[in-house]
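Atoms considered below: every heavy atom in the structure, side chains included; atoms not considered: hydrogens, waters and symmetry mates. Labels below follow one simple rule: chain letters A, B, ... track the order of the sequence lines, proteins then strands, and each chain is numbered from 1. These numbers come from a predicted model, not from an experiment.
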Amino acid sequence: MILIKDLKHHEGESVTLKGWLYNKRSSGKVKFLIMRDGTGLVQLIVFKGNVTPEVFETADSLGRETSFEITGNVKKEERAIGGYEVDVADLKVISESHDYPITPKEHGTEFLMDHRHLWLRSKRQWAIMRIRHRIVKAIRDFFDERDFTLFDPPIITPNAVEGTSTLFETEYFDLGSAYLTQSGQLYAEAGAMALNKVYTFGPTFRAEKSKTRRHLTEFWMVEPEVAFYDLNDDMDLAEEFLEYIVQSVLKDRAEELKILERDTSKLELVKRPFPRISYTEAVEILHKNGVDFEWGEDFGAPDETIISNQFDRPVMVHRYPAAVKAFYMKRDPENEKLALAVDVLAPEGYGEIIGGSQREDELDKLLERIKEHNLPKQYFEWYLDLRRYGSVPHAGFGLGLERTVTWICGIDHLRETIPFPRMIYRNTP
RNA sequence: UCCGCGAUAGCUCAAUGGUAGAGCAUUCGGCUGUUAACCGAAGGGUUGUAGGUUCGAGUCCUACUCGCGGAGCCA
């Protein structure tokens, strides 16, 4: 048995293929079956004179997504999808399929999401899943090749990492309430003190009632954390990282990007250096574009679009007002009102894909922040220990996987970038 | 939580307050090169739920349910 993607190496040979019926066209004494096997599509020809009456009859009765096996001769054929077709000599049904719900015509999103487990078989979803995988591989390769150690944080945690977002709560035996993690970052900081360079990569959970095309309640995040890095080192890492991911996908997933009709010229531009502007400069851009915006507020989604539209590649916005950022971010020594934070905004209006910062490494200041934010100090004792025993400057960031996949694929809703999305009004299939 | 939009055949949609329709899908028939094939025929409906106005409601009114998009929050 061979895979459809390898057919080009078997021209003139008799091969056996196993797969599912993607589509079927019939013209009297010749039938065109399109088979998919998860690696590609191929046109199968069934001529009445070339097969037994039983096989011809069977080919006529196949329903969409019937699983079956064929044997036949591979030939080059310009008119066929993929450039090759197989002249069927024998055909065996593995398991029948009738009334497959998803047809070649348009469907609404709700219907497709209800049939997500089947929708994943379609070409477009196939392309997205393969790009997602390539991005995940690029993420792992990037860090693995640069002396980072994968460091898995707990999913179940006793407290809110940032104290702001709403968390999914669960009962944890006799220890009271526990929560699903919304970030592995604080644990990654412990890892960086132990292993120098670490990254976490796993699912995170936010119980926010967000209803937008940029939000899931369960999503994947990668978070590098590095000892002795400052904000500039952090930004250097982020831009090298994004360049690596995008260029890897361009190189290895050209076919999939084409299926998605992605304008790859926009991705070709994602090369270092990326523009770096301060929050204050970003506010000036908004003012120049006629936006009524007061210094000190956080940017909304439309604001981010205006800012990122000024540039042809991801833009790094740094030094935000500390008041709108998390308690663990270090203040700018040159201006205590600012946090040493950076957000990376993707181009083409895709918004924030990275949020990062240099962390507060002084014990006294961190204690102050925890008090200011009314966080339960007892849960942060271990985190404070990192400042008690040989504290060092360190920095890191978090990259949202699904938002990155959405941007690179050039699609308009991130629910298609994860096999089974979890959203406020959907937790099935 | 707020603002806006929507719900009619399996799917995507149409239907001045006056007999609920089309394309696709399904079934049957035709076609030896089709590309979401095409041609002919057939079956398929409690118009989201409950109430109201009217001689008459898919259409107008009220409430509810569900969904979609956006805001806020964030990756």
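Protein atom NZ of A:K24 is 16 Å distant from nucleotide atom C1' of B:rC24, rounded to whole Å. Taking atom NZ of residue A:K325 and atom P of nucleotide B:rC73, one finds them 11 Å apart after rounding to whole Å. Per the geometry, CG belonging to A:L33 stands 13 Å off C1' belonging to B:rG33, to the nearest Å. We find that CD of A:E402 is positioned 14 Å from P of B:rA75, with the value rounded to whole Å. Whole-Å rounding puts the A:K29 NZ to B:rU34 P distance at 16 Å.
For B:rA71, the OP1/OP2 oxygens have a side-chain nitrogen or oxygen of A:R214 closer than 4.0 Å.
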Dot-bracket for RNA chain B, 5' to 3', Watson-Crick and G-U pairs with both distances under 3.5 Å, [ ] for crossing pairs, | for partner on another strand, reads (((((((..((((....[..)))).(((((.......))))).....(((((..]....))))))))))))....
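Relative to the ring axis of A:F168, A:R206 does not place its NZ or CZ within 45° and under 6.0 Å from the centre.
Remark: the separation of the C1' atoms in B:rG10 and B:rU27 is 14 Å, to the nearest Å. Using C1' as the reference atom, B:rC66 and B:rU19 are 32 Å apart when rounded to the nearest Å.
At a threshold of 4.0 angstrom between heavy atoms, the contacts of A:G63 with the nucleic acid are absent. In this structure, A:G49 reaches neither bases nor backbone, as no heavy-atom distance under 4.0 Å exists between it and the strands shown.
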Could you go over nucleotides 67-69 of chain B and give all protein N or O partners under 3.5 Å, atom names and distances?
{"unit_1": "B:rG67", "atom_1": "O2'", "unit_2": "A:E110", "atom_2": "OE1", "d": "3.3"}
{"unit_1": "B:rC68", "atom_1": "N4", "unit_2": "A:K211", "atom_2": "NZ", "d": "3.1"}
{"unit_1": "B:rG69", "atom_1": "OP1", "unit_2": "A:H413", "atom_2": "NE2", "d": "3.1"}
{"unit_1": "B:rG69", "atom_1": "OP1", "unit_2": "A:R415", "atom_2": "NH1", "d": "2.9"}
{"unit_1": "B:rG69", "atom_1": "OP1", "unit_2": "A:R415", "atom_2": "NH2", "d": "3.1"}
{"unit_1": "B:rG69", "atom_1": "O3'", "unit_2": "A:R213", "atom_2": "NH2", "d": "3.3"}

Give every pair of a protein N or O atom and an N or O atom of nucleotides 6-10 of chain B that lie under 3.5 Å apart, one pair per line with the distance.
none

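Residue order along RNA chain B, read from the 5' end via each residue's closest nucleotide, puts A:G28 first among A:E352 and A:G28.
Salt bridge A:D37/A:K18: absent, no basic N to carboxylate O contact under 4.0 Å. Using a cutoff of 4.0 Å between basic side-chain nitrogens and carboxylate oxygens, A:E360 and A:K330 are scored as salt-bridged. Electrostatic pairing of A:K76 and A:E85 does not count as a salt bridge here, judged by no charged N lying under 4.0 Å from a carboxylate O.
Taking only side-chain atoms of A:R64, from C-beta outward, the nucleotide of B:rA25, B:rU32, B:rU34 with the closest atom is B:rA25. Nearest nucleotide to the A:M221 side chain, out of B:rA75, B:rA71, B:rU32: B:rA75. Among B:rA75, B:rA25, B:rA71, the nucleotide with an atom closest to any side-chain atom of A:P302 is B:rA71.
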Given the rule in the side chain to side chain contact (heavy atoms under 4.5 Å, CB included) test, do A:K123 and A:L41 qualify, once you have shown the distances and angles that lead to the verdict?
CA-CA 9 Å; A:K123 201 159 76 173; A:L41 296 175; 3.8 Å; yes
